[in-house]
There are 2 protein chains.
Amino acid sequence: MIKLSRFTDYAVVILAELARGEAGRLRLAASDIAARTNLPEPTVAKILKSLTRAGILSSTRGVNGGYGLTRMAEKITVADIITAMDGPISLTDCADSSPCVLEGHCSMHGRWGKVNFAIRTALSSVTLVDLMQVSVRKPSPFALPAGESAAVEE
Amino acid sequence: MIKLSRFTDYAVVILAELARGEAGRLRLAASDIAARTNLPEPTVAKILKSLTRAGILSSTRGVNGGYGLTRMAEKITVADIITAMDGPISLTDCADSSPCVLEGHCSMHGRWGKVNFAIRTALSSVTLVDLMQVSVRKPSPFALPAGESAAVEE
DNA sequence: TAAAATAGAACTATATAAGTCCTGTATTTT
DNA sequence: AAAATACAGGACTTATATAGTTCTATTTTA
């Protein structure tokens, strides 16, 4: 199974929360985001840092600091989010990392190139907005267990 | 990073070996395949069983038994191979498995649907033949370390 | 009937991901 | 200027999934 890390799903939940308020102009502290999403705070903090390093979020320090989107949700693709959280999108370990020791006789190198390209194209065609438009039919009547993805549209 | 299991890459190597001889009519025993691909035999055996269960290979038991492709390499897609080795193609755990306990309020359920569809489409458009056409420029001058993907076109 | 080859399951070890915690740095308010 | 607030980054622990191995049963041909 091709799996993305749980963090990537959390990241979408977090980004969706930030994209909701005032056309993306919302600015929230890590603790607020954790509270709103019901995700554990240390985990949220870690994800926010990754998203900031990748340039999807901007951060401000100090007393009234927090995080906010750097661009509109329409401009944030699934490929952007996955890349931020998990590194380059590639089905194999070495297919895209430059320091490949087996360079020249590693059969993986060329083999998966077309597939990786196809995947990247597919993931670039879906944006954060697309992910947000899907609302859950029945809102959760009770609190989700800790550790579960917990973004339920109310 | 979105990763496929190493087994899936091995599977491609094995299938490529079987697709080479006589327009796919080759029939080889597990031990032969292990020898030709330089992959550990128990691992090869395991992969062959998975591919057989999935219907990509057929097997015959007994003294002159072995494995062979059930259809032409052009008809075997990357999606087929990945599904055979790693189960349904889905970026999340529950998005496609029927027994989802959180059914109804699991936010993942709808969220990744479009993305999964895009991925499956992309993977269905690449066939085993496409993967085989990529040959390595310099053949390996020495044996690859055990555990590395070791299919080098000679 | 003996040898060769696949089928399938159970088990162990290892690598990766997830989660937590600690220390440091920047900014704002009092 | 000092204190409080909030982000930055790294180290560490634990849990889980993957990879790999081994053993037993079944099937087929010589």
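- Taking atom CZ of residue A:F7 and atom C1' of nucleotide C:dT16, one finds them 12 Å apart after rounding to whole Å.
- What separates CE of A:M85 from P of C:dG19 is a distance of 11 Å, to the nearest Å.
- Note on residues 73-83 of chain A: pairs passing side chain to side chain donor-acceptor pair (under 3.5 Å), not counting sequence neighbours, are A:R71-A:D80, A:T77-A:D80.
- Picking from D:dG20, C:dT20, D:dT22 the nucleotide with the shortest atom distance to the side chain of B:P42 gives D:dT22.
- The side chain of A:N64 places an N or O atom within less than 4.0 Å of a non-bridging phosphate oxygen (OP1 or OP2) of C:dT29.
- OP1 or OP2 of C:dA17 has not a single side-chain nitrogen or oxygen of A:Y10 nearer than 4.0 Å.
- Computed from coordinates, the A:E41 CD to D:dA8 P distance equals 14 Å when rounded to whole Å.
- Distance from the side chain of A:R6 is smallest for C:dG19 among the nucleotides C:dG19, D:dT18, D:dT28.
- Using a 4.0 Å cutoff on non-hydrogen atoms, the parts of residues 47-62 of chain A near DNA chain C are A:R61, A:G62, ordered by number.
- Scored by the side-chain hydrogen bond (donor to acceptor under 3.5 Å, both in side chains) test, B:S58 finds B:R27 as partners (sequence neighbours excluded).
- Remark: C1' of C:dT20 and CG of A:L39 are 15 Å apart, rounded to the nearest angstrom.
- Checked against side-chain contact (heavy atoms from CB on, under 4.5 Å), A:S31 has the following partners two or more places apart in sequence or in another chain: A:A29, A:E41.
- Across all strands shown, B:A45 has no heavy atoms under 4.0 Å from either base or sugar-phosphate atoms.
- The shortest heavy-atom contact between A:T52 and A:L48 is OG1-O, 2.7 Å.
- For A:A122, the side-chain contact (heavy atoms from CB on, under 4.5 Å) test picks out B:A118, B:A122, with sequence neighbours left out.
- In the model, A:T8 has a side-chain atom that pairs as donor or acceptor with a side-chain atom of A:S5 under 3.5 Å.
- Where B:S31 and A:T43 meet DNA chain C, the nucleotide closest to each residue was compared, and B:S31 sits on the side nearer the 5' end.
- Distance, A:D32 CG to D:dC7 C1': 14 Å, rounded to whole Å.
- The nucleotide whose nearest atom lies closest to any side-chain atom of A:A29 is, among D:dC7, D:dT21, C:dG19, D:dC7.
- Remark: A:K49 pairs with A:R53, A:Y67 by the side-chain contact (heavy atoms from CB on, under 4.5 Å) rule, at least two apart or across chains.
- Relative to the side chain of B:K46, the nucleotides D:dT5, D:dA8, D:dA19 differ in distance, and D:dA19 lies closest.
- Residue whose closest nucleotide on DNA chain C sits further toward the 5' end, between A:V63 and B:L28: B:L28.
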